[in-house]
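First the structure, in the form of structure tokens, and then the observations on it.
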Amino acid sequence: ISHSLVSSMMMAIAAIAALAGVVMTTSPLPARNTVGSGWGTNIHWTSETRPGETAMLAKAFKVARMDFTWGRIEATCGKYNFSAYDTLLTTMEAHGVQPYWILDYGNPCYPEILTKADLYEGAPLQRRGLPRAGSPAWNKPCSSPSCIAAFGKFAAAAVAHFKGHNVIFECMNEPNGMGLDSSKVITALCLAAGAEIKAAGELFVGPATSGFAWSYLNESMADGILAAFGAVSVHPYRGEAPETVLDDYSRLRGLIQSHGATAAEKTLPIVSGEWGYTTATKPCVYTDKCDAATQAAYLARMWLVNTLDKIPVSINYDWSDGSGSASDCESHFGSVSINPGSGGQPFAPKPKYTAALTLQTTLGTFERVAARIVPTTVAPADAVKSDVFVLPFENATGGGQQGFAVWSNYSAEVPCDNAPVEQRSDCGHLFIDKGDCLAASNPKGPTCCWEPNVVTVGGPQCYRVLKEEAVTVGFVAPAPAKPSDAWLVTGVLGQALGSAHTDAHGIIMVATGVGTPVYLTPTPGR
């Protein structure tokens, strides 16, 4: 993209903000009454696809992220039709679900002056797969000054129509992948929309990158994109276990701190705007492929590790499976299958839905989370305390009750030969070759394996073999506990696992599942 074009785009945005009398200030994320109120899911509809769908969703998910498609709303140039989203808003508010809407993709009403090659320059794909040729995101990028100004007007109309309804608005969706937008284009778009949304006192987040696209994030922040937002959203997809995200969040906070132009920008919170694992079967080669039991455990661990790291909103991908074949990677991120459930349920729940419902109804109702507890003891002997997570949940009211989530990412590494696909964890990156996979310099190595028959066996092609194991954990509650204190222990899928008690030394002992969390909640009446 030429420097002159970028300058004209940025000057146009500055002019729009000046004419509107806009001051680009940060709108903070609203306080939440319960921890679970920030746990949500993606959807792909504005009207229920089956009766009872929202009621089922709302039991497990308290935020619903949906495309707020510009080309659909402004199908007639210069006129906005929000009726479909009025319906969606009414439905969500009736069930206590917060809307999270993505202002996304281009609009054929506005001409382009850049080619797809121009847009791709400096913006390598970070998405798990390539964008589909022929999709609106591919063919209708929004990069001309007239299109960017129109995007700002679209945002202004949207926030005027939905102001006061606690909607989270987001700038685009995976612009580094699906839309092929350069970091400079996405900065101009987000600043145009952000000026309008923040002037109305509403929340705007972004840039919703696919993965932690470090060059893309660094370049857009250097161009001033943080001024548009009240929070920074990313999609932390990965082939590894959820706990590996902690280092990425730390690095992202460092970028925000270094690029923020004001104290508020330097401390912008992070939102996990989309993240999941697929249960597609081979030959799906996505590195985030796993079985249904692991998908359920990872949903719980995603929410818990995000909560640990003070991520206030965590969006699961996805609500429902699609209609593709069993090996269609994109069709099996869902929490429910497309088949009707028993007992009048609109959809048959997958184990992931049960995991979300269990966590929401056990610990999601608590008001806050305290600091991670370092365990006093762990077993087996080769497990280390840093592999164990003890997260205390607290209520400031109602007698100050406590609950705990206890889990581990402890895994024993086993040889590559003939290892089952379900035990393989990603050990590389998209398009890695065999040499780089097996090299000692591989940052995920040096014990990586290579699958030459990935098309027939299934991915990831560059992998390591990890077998998760149960861990017995001892810890001391942060508030004084009496030997008579007891907690009910619940498994990730709602299994009743007995109770845990405080011993004479104030230590609580509990066993985790194999790669799955357990939840301790106060015994009724205590």
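- Between Cys448 atom SG and Asn442 atom CG the span is 4.0 Å, to the nearest 0.5 Å.
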Next item on the list: Run the numbers on Phe393 and Gln401 for side-chain contact (heavy atoms from CB on, under 4.5 Å), then give the verdict.
Entry: CA-CA 8 Å; Phe393 290 70; Gln401 289 182 322; over 6 Å; no

Margin query: Go through it in stages, so that I can follow the logic: the residues are Asn173 and Glu274, the test is side-chain contact (heavy atoms from CB on, under 4.5 Å), and I'd like the CA-CA distance, side-chain angles, deciding distance and then a yes or no.
Written below: CA-CA 10 Å; Asn173 182 63; Glu274 179 184 316; 3.7 Å; yes

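- In terms of modelled atom types and a separation under 3.5 Å, the side chain of Asp503 and the main chain of His505 share a donor-acceptor contact.
- Atom CG of Leu268 is separated from atom CD1 of Ile256 by 6.0 Å, given to the nearest 0.5 angstrom.
- Trp101 does not carry Arg65 over the face of its six-membered ring by the limits of under 6.0 Å from the centre and within 45° of the normal.
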Item checked: From CA spacing to verdict: side-chain contact (heavy atoms from CB on, under 4.5 Å), Glu48, Leu88 -> CA-CA 8 Å; Glu48 290 186 332; Leu88 178 60; over 6 Å; no

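- At a threshold of 4.0 Å, the pair Arg464-Asp426 does not count as salt-bridged, since none of the basic side-chain nitrogens sits closer than that to a carboxylate oxygen.
- Looking at Thr376, its side chain does come within 3.5 Å of a backbone N or O of Gly474 through a donor-acceptor pair.
- Phe404 pairs with exactly one of Leu391, Ile508, Thr521 by the side-chain contact (heavy atoms from CB on, under 4.5 Å) rule, that one being Ile508.
- Atoms CD1 and CD, on Ile315 and Glu170 in that order, are 9.0 Å from each other to the nearest 0.5 Å.
- The minimum heavy-atom distance linking Cys284 with Thr278 is given by the pair SG-CG2, 4.4 Å.
- A side-chain donor from one of His259 and Asn218 sits under 3.5 Å from a side-chain acceptor of the other.
- The structure places CD of Gln257 at 11.0 Å from CG of Leu226, a figure rounded to the nearest 0.5 Å.
- Contact annotation: the side chain of Glu451 approaches that of Tyr463 to within less than 4.5 Å [non-hydrogen atoms, C-beta and beyond].
- Of all the heavy atoms in Ser320 and Ser337, the pair that sits closest is OG-O, 4.1 Å.
- When side chains are defined from C-beta on, Tyr298 does not count as touching Lys352, because their heavy atoms never get closer than 4.5 Å.
- No close placement of the Trp39 and Phe61 rings is indicated, their centers lying 6.0 Å or farther apart.
- Nearest heavy atoms, Pro522 versus Phe366: CD-CZ, 4.0 Å.
- Judged by distance alone, the side chain of Thr472 and the main-chain N or O of Ala511 form no donor-acceptor pair under 3.5 Å.
- When only modelled atom types and interatomic distance are considered, Thr41 and Asp318 share no side-chain donor-acceptor pair under 3.5 Å.
- Within the 4.5 Å cutoff, side-chain heavy atoms of Val510 are placed close to those of Phe475.
- Contact between Leu520 and Ala500 at its shortest, heavy atoms only, is CD2-CB, 4.0 Å.
- Here the shortest heavy-atom pairing between Cys329 and Ala280 reads CA-CB, 3.7 Å.
- No side-chain donor-acceptor contact under 3.5 Å links Ser331 to the backbone of Gly322.
- Salt-bridge formation is not detected for the pair Lys444/Asp436: no Lys NZ or Arg NE/NH1/NH2 atom is positioned less than 4.0 Å from an Asp or Glu carboxylate oxygen.
- A heavy-atom distance below 4.5 Å is not found between the side chains of Val473 and Thr377.
- Between the side chains of Gln98 and Ser37, not a single donor N or O lies within less than 3.5 Å of an accepting N or O.
- Contact of the Lys62 side chain with the Gln360 side chain is registered, since non-hydrogen atoms from C-beta on lie closer than 4.5 Å.
- Under the 4.5 Å side-chain criterion, counting only non-hydrogen atoms from C-beta, Phe204 is in contact with Cys171.
- Note that the CD atom of Gln402 and the CG atom of Leu363 stand 12.0 Å from one another [nearest 0.5 Å].
- The two residues Pro207 and Pro175 come nearest to each other via the heavy atoms O-CD, 3.2 Å.
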Note to self: Applying side-chain hydrogen bond (donor to acceptor under 3.5 Å, both in side chains) to Tyr410 and Asp382, what does each step give before you reach the verdict?
What the structure shows: CA-CA 9 Å; Tyr410 166 68; Asp382 61 339; 2.6 Å; yes

Notebook entry, point to check: Can you list the steps and then say if Ile168 with Val205 is a side-chain contact (heavy atoms from CB on, under 4.5 Å)?
Noted result: CA-CA 7 Å; Ile168 300 173; Val205 305; 4.0 Å; yes

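- Contact of the Asn306 side chain with the Leu304 side chain is not registered, since no non-hydrogen atoms from C-beta on lie closer than 4.5 Å.
- Relative ring orientation between Phe212 and Trp214 is described as parallel, the plane-to-plane angle staying below 30° on a 0-90° scale split at 30° and 60°.
- Considering CG of Leu299 and CG of Leu359, their distance stands at 8.0 Å, rounded to 0.5 Å.
- Side chain of Glu53 to backbone of Thr49: a donor-acceptor contact under 3.5 angstrom is found.
- Both tests hold for Arg372 against Phe389: distance to the six-membered ring centre under 6.0 Å, angle to the ring axis within 45°.
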Note to self: Between Lys350 and Asp321, does the salt bridge (charged side-chain N to carboxylate O under 4.0 Å, His left out) criterion hold? Intermediate values first, please.
What the structure shows: CA-CA 9 Å; Lys350 293 171 66 176; Asp321 277 355; 3.1 Å; yes

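- Between the side chain of Thr512 and the backbone N or O of Val471, at least one donor-acceptor pair lies under 3.5 Å.
- Counting only distance, with no hydrogens or angles, the side chain of Ser233 and the backbone of Gly273 share no donor-acceptor pair below 3.5 Å.
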Notebook entry, point to check: Can you list the steps and then say if Thr34 with Glu367 is a side-chain hydrogen bond (donor to acceptor under 3.5 Å, both in side chains)?
Noted result: CA-CA 4 Å; Thr34 63; Glu367 297 169 3; over 6 Å; no

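- Using a distance-only test at 3.5 Å, with no hydrogens or angles considered, a donor-acceptor pair links the side chain of Thr362 to the main chain of Thr358.
- Asp328 and Ser325 are not linked by any side-chain donor-acceptor pair at a separation below 3.5 angstrom, with hydrogens and angles left out of the test.
- Environment of NZ in Lys266: crowded, with over 12 heavy atoms of neighbouring residues, nucleotides or ligands closer than 6.0 Å.
- Ring-centre distance between Phe333 and Tyr317: below the 6.0 Å cut-off.
- Put simply, the side chain of Thr361 gets close to the backbone of Leu357: a donor and an acceptor are under 3.5 Å apart.
- Using modelled atom types and a 3.5 Å distance limit, the side chains of Lys289 and Thr279 yield no donor-acceptor pair.
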Next item on the list: Evaluate the criterion disulfide bond (SG atoms under 2.5 Å apart) for residue pair Cys427 and Cys462; output intermediate values, then yes/no.
Entry: CA-CA 5 Å; Cys427 204; Cys462 182; 4.9 Å; no

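- For the pair Trp45 and Met66, the minimum side-chain heavy-atom distance is 4.5 Å or more.
- Checking side-chain atoms of Asn176 against main-chain N and O of Ser210 turns up a donor-acceptor pair under 3.5 Å.
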